[in-house]
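Values below: every heavy atom of this structure, side chains too, minus hydrogens, waters and symmetry copies.
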Amino acid sequence: MTNQAAADLIARSNRLGADPKNTNYAGGNTSAKGTETDPVTGEPVELLWVKGSGGDLGTLTEQGLAVLRLDRLRALVDVYPGVDREDEMVAAFDYTLHGKGGAAPSIDTAMHGLVDAAHVDHLHPDSGIAIATAADGEQLTRQIFGDKVVWVPWRRPGFQLGLDIAEIKARNPQAIGCILGGHGITAWGDTSEESERNSLWIIDTAAAYIGEHGKADPFGAELDGYAPLDPAERRAKAAALAPTIRGLASHDRPMVGHFTDAPEVLDFLARAKHPRLAALGTSCPDHFLRTKVKPMVLDLPADASIEDSIARLKELHETYRADYQAYYDAHATPESPAIRGADPLIVLVPGVGMFSYGANKQTARVAGEFYINAINVMRGAEALSTYSPISDAEKFRIEYWALEEAKLQRMPKPKQHATRIALVTGAASGIGKAIATRLAAEGACVVIADLDLEKAQAAAAEIGNSDVAIGVQANVTDAAAVQRAIDDAVLAFGGLDLVVNNAGLSLSKPLLETTEADWDLQHDVMAKGSFLVSKAAARVLIDQDLGGDIIYISSKNSVFAGPNNIAYSATKADQAHQVRLLAVELGEYGIKVNGINPDGVVRGSGIFASGWGANRAKTYGIPEEDLGKFYAQRTILKREVLPEHVANAVIVLTGPELSHTTGLHIPVDAGVAAAFLR
């Protein structure tokens with residue numbers, strides 16, 4: 001049964017974390033002190049429950065808490081070796097844990113355990129960090145809060161900061177919390193309700209003061225030519241630039257992207273101060289660990305052409321990488337971890353918006369959210385004073401902290417398709433849905449493209465949330481509709497790596513019954529549709545300069561001459577030769593093009609369910625429900641082919657094992673000798 005103090009802590013944390021004005025995603029930490037019975041002695045023992053390393057307040061559960069014995073935690077004060085060796089104290093926290101399980105204690109544990117208060121909240125609100133990063137933050141703290149909130153000069157999170165705040169509370173019994181210079185806020189209370197109330201009072205009081213006393217234009221005058229483009233024009237320009245920007249951001253390692261044209265971003269980029277402020281970088285450790293020390297900013301007006309913007313972005317990228325290398329070289333010591341890559345994680349384009357990057361969609365999205373937090377911080381600080389973040393030297397000490405490196409090393413090994421962005425046509429059911437589901441299971445971000453938008457979105461929702469899969473509408477016979485689907489994919493995940501031409505249909509008729517409309521429909525959907533999708537996707541893949549894969553789901557019928565099948569088999573042969581032609585043409589860009597020839601995929605197939613199955617059963621003189629068994633018996637292996645078997649082939653063709661294979665067709669038909677490839 002959950003201890004009441006811990007239950008109150010979880011409820012408080014969820015409330016505080018649910019509102020972005022209080023703290024950013026996975027930022028801050030909260031704690032509660034209470035008593036439990038020691039199962040060894042049967043005696044009461046004082047415990048500390050504190051949010052563990054890497055957790056999120058808004059979704060915190062009991063499993064996300066670290067539980068420590070207060071007597072042993074406080075005893076660490078007597079063996080603390082000093083600020084030069086305080087990293088050792090994190091390992092020492094393991095010797096103070098109570099019971100087993102739970103989360104790993106974070107670097108901020110000392111702040112919670114050493115402060116003489118039953119409940120403590122450490123948060124990263126935009127309004128609080130605005131005061132913390134103002135050049136005269138100490139004076140503003142007194143002016144805004146009186147003696148209820150105390151200023152704490154910047155100190156890297158750790159044991160010494162916990163000692164400092166404990167001393168401040170002891171010396172200032174009237175205080176309810178403090179502003180941590182360059183960082184955030186800490187508040188406390190005798191009850192969970194009081195701690196929450198004090199936290200919210202600091203946050204709201206700071207915001208109200210900024211609103212009442214701040215300058216109307218903290219980012220300066222509007223820059224001529226830098227105003228936001230109209231929404232449709234913004235979206236079109238963002239989609240055109242996104243592949244190139246993703247390629248630049250992925251120079252050292254592949255990244256997934258996120259795009260936003262949030263009003264805060266557009267207004268910031270439209271103002272005169274944005275180049276100076278962006279160059280100063282972020283200040284709160286949670287911010288710059290997600291966004292890098294500063295963004296890359298395109299220094300062209302909103303109406304700059306796509307060509308000029310791309311050329312300038314490439315120049316700026318070279319400068320950014322050189323600057324980041326210089327930052328690393330200036331502050332690294334022999335003990336520092338190796339440089340983790342010199343590419344930007346935030347790219348700002350005036351009039352258009354912000355592109356953010358990470359190892360997965362959630363990380364990329366959160367990085368963008370953090371930079372919006374940083375913009376809000378800069379706005380507040382500039383409204384009252386001058387934005388003055390912590391130094392680059394201090395940023396480096398945290399970015400390349402041994403403890404941060406250890407946290408990164410503990411992360412699980414990425415799945416084989418991690419960072420890959422896939423678009424699958426005709427993926428709301430059958431083979432396409434199985435392929436999309438398997439790609440997502442292997443770590444890819446997936447775009448379900450289908451003629452039926454509602455079904456596409458439902459299929460995506462089955463696979464995961466919008467950080468994993470989205471559904472888009474795509475009529476593959478319409479070039480404009482195909483381009484919209486590609487743009488949707490690019491803006492959702494940053495780019496594109498893998499395209500599966502799966503959309504299809506079939507009408508089973510002999511030559512004399514096949515109409516011109518029958519012929520045109522099947523060729524439009526499969527031959528023309530695959531051509532349009534591959535053409536639009538190839539532009540993105542080439543602009544990214546990251547290689548990629550195009551897969552055609554063709555058919556055994558592309559090489560097998562079956563009865564009553566002239567239109568379908570002819571268009572499948574067209575698709576099969578597109579594979580060979582594009583493999584030759586796109587190889588110079590590192591783009592592999594391969595095909596898969598399934599046969600007899602009855603179960604779960606949209607084509608078979610829409611009348612093809614009945615027609616084929618009639619052709620072979622068997623009941624429709626026996627068609628799968630019939631196809632299995634005519635194969636060499638006597639096995640029925642399922643959608644999942646086709647998905648397996650896609651994974652192999654696009655995975656690391658066949659990195660040097662292009663122009664290949666893989667049969668997935670359980671063995672049909674007449675369809676053997678020669």
Is the backbone of Ile553 close enough, under 3.5 Å, to the side chain of Lys572 for a donor and an acceptor to pair up by distance?
yes

Is Ser569 reaching over with its side chain to a backbone N or O of Asn565, donor-acceptor style, under 3.5 angstrom?
yes

Only one of Arg365, Gln362, His258 clears side-chain hydrogen bond (donor to acceptor under 3.5 Å, both in side chains) with Asp467; which?
Arg365

Does one side chain, of [X] or [Y], offer a donor that lies under 3.5 Å from an acceptor on the other?
X	Y	value
Lys528	His523	no
Asp574	Gln578	yes
Glu644	Asn648	no
Tyr552	Ser534	yes
Tyr25	Arg290	no

In terms of the angle between their ring planes, are Phe370 and His287 parallel, tilted or perpendicular, with boundaries placed at 30° and 60°?
perpendicular

Can you list everything that forms a side-chain contact (heavy atoms from CB on, under 4.5 Å) with Thr437? Sequence neighbours excluded, please.
Lys433, Ile463

Does atom [atom1] of [X] have more than 12 heavy-atom neighbours, drawn from other residues, nucleotides or ligands, at distances under 6.0 Å?
X	atom1	value
Arg321	CZ	yes
Asp545	CG	no
Lys638	NZ	yes
Glu516	CD	no
Glu585	CD	no

With sequence neighbours left out, write down each residue that passes side chain to side chain donor-acceptor pair (under 3.5 Å) with Thr661, or none if nothing qualifies.
none

Test side-chain contact (heavy atoms from CB on, under 4.5 Å) applied to Tyr371 and Leu348, step by step:
CA-CA 10 Å; Tyr371 198 77; Leu348 303 173; 3.9 Å; yes

Should Asp487 and Gln483 be marked as a side-chain hydrogen bond (donor to acceptor under 3.5 Å, both in side chains) after you check the CA-CA gap, both sets of side-chain angles, and the distance that decides it?
CA-CA 6 Å; Asp487 289 349; Gln483 189 60 55; 3.0 Å; yes

Would you call Arg634-Asp599 a salt bridge at under 4.0 Å N-O?
yes

N-O pairing of Arg438 and Glu442 below 4.0 Å:
yes

Looking only at non-hydrogen atoms, find the nearest pair between Ala567 and Gln522 and report the distance.
CB-NE2, 3.1 Å

Which residues satisfy the salt bridge (Lys or Arg N to Asp or Glu O under 4.0 Å) test with Asp261, sequence neighbours excluded?
Arg234

Under the criterion side-chain contact (heavy atoms from CB on, under 4.5 Å), I'd like the reasoning laid out for Gln544 against Asp497: C-alpha separation, chi angles, the key distance, then a yes or no.
CA-CA 9 Å; Gln544 284 179 158; Asp497 300 294; 4.0 Å; yes

Looking at Leu439, Ile431, Leu498, which one forms a side chain to side chain contact (heavy atoms under 4.5 Å, CB included) with Val424?
Leu439

